[in-house]
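Contents: one structure, followed by commentary.
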Amino acid sequence: LLDKADQHAGDRSMDRTLWEARRIADAALHPDTGEIIPRPFRMSGYVPYNGPICVAMVASTTTPSLLFWSWVNQSQNALVNYYNRNAASPMSNETLLKSYTAAVGAALTVAFGLATFIQKRNSPDQ
């Protein structure tokens, strides 16, 4: 693309093409590592990929399904955070695993606690 741009120096359509290529590269490549960020874990992919997960969580009618979708949500969030991390500050796999476990544990505890509370509060026995 750059060789083609040199041949067409001053061509405004080539300028637009180069800017568009840069925009796509900036969205798809990690700024520190240069690695390609998979689509579901790019910041631009957060709503299209995490939105259906959130809808499934809210629409869950049983505690097991709520717990499953809470786990999927936390895993999605963890991967988005991992792929968009500041790679200039390295973090050990042990620290990543502890953080993931704590986040998932907290989310599942809250989901289970609220589901149990709501079920008891809205039970026909009361």
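Only a predicted model underlies this, so the values are computations on that prediction, with no experimental measurement involved. Along the sequence shown, residues are numbered consecutively beginning with 1.
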Any residue meeting side chain to side chain donor-acceptor pair (under 3.5 Å) with [X], in chain and number order, not counting sequence neighbours:
X	result
Ser89	none
Thr61	none
Tyr100	Trp71, Ser75

Checking [X] now: which residues fulfil side-chain contact (heavy atoms from CB on, under 4.5 Å) with it, not counting sequence neighbours?
X	result
Ala115	Thr63, Leu66
Ala27	none
Glu20	Arg23, Ile24
Ala59	none

Quiz item: How far apart are the closest heavy atoms of Ala88 and Asp32, and which atoms are they?
Solution: N-OD2, 3.4 Å
Exercise. Using the test salt bridge (Lys or Arg N to Asp or Glu O under 4.0 Å), find all partners of Arg85 that sit at least two apart in sequence or belong to another chain.
Key: none
Please tabulate, one pair per line, all N/O donor-acceptor pairs under 3.5 Å involving side-chain atoms of residues 38-45, not counting sequence neighbours.
residue	atom	partner	partner atom	Å
Arg42	NE	Ile37	O	2.7
Arg42	NH2	Ile37	O	3.2

Once you round to the nearest 0.5 Å, how far does [atom1] of [X] lie from [atom2] of [Y]?
X	Y	atom1	atom2	answer
Leu96	Glu94	CG	CD	10.0 Å
Ser70	Phe112	OG	CZ	12.0 Å
Arg121	Ile118	CZ	CD1	9.5 Å

Quiz prompt | Connected hydrophobic set around Leu29, excluding itself, where side chains approach under 4.5 Å | solution = Ile36
Practice problem: Any chance you could pull the hydrophobic cluster mates of Leu114, using side-chain heavy atoms under 4.5 angstrom and chaining through other members? | Solution: Val110
Practice problem: Answer yes or no: does atom CG of Asn86 have more than 12 heavy-atom neighbours from other residues, nucleotides or ligands under 6.0 Å? | Solution: yes
Considering only distance and modelled atom types, tabulate donor-acceptor pairs under 3.5 Å from the side chains of residues 49-57, sequence neighbours left out.
residue	atom	partner	partner atom	Å
Asn50	ND2	Tyr46	OH	3.0
Asn50	ND2	Asn73	OD1	3.3

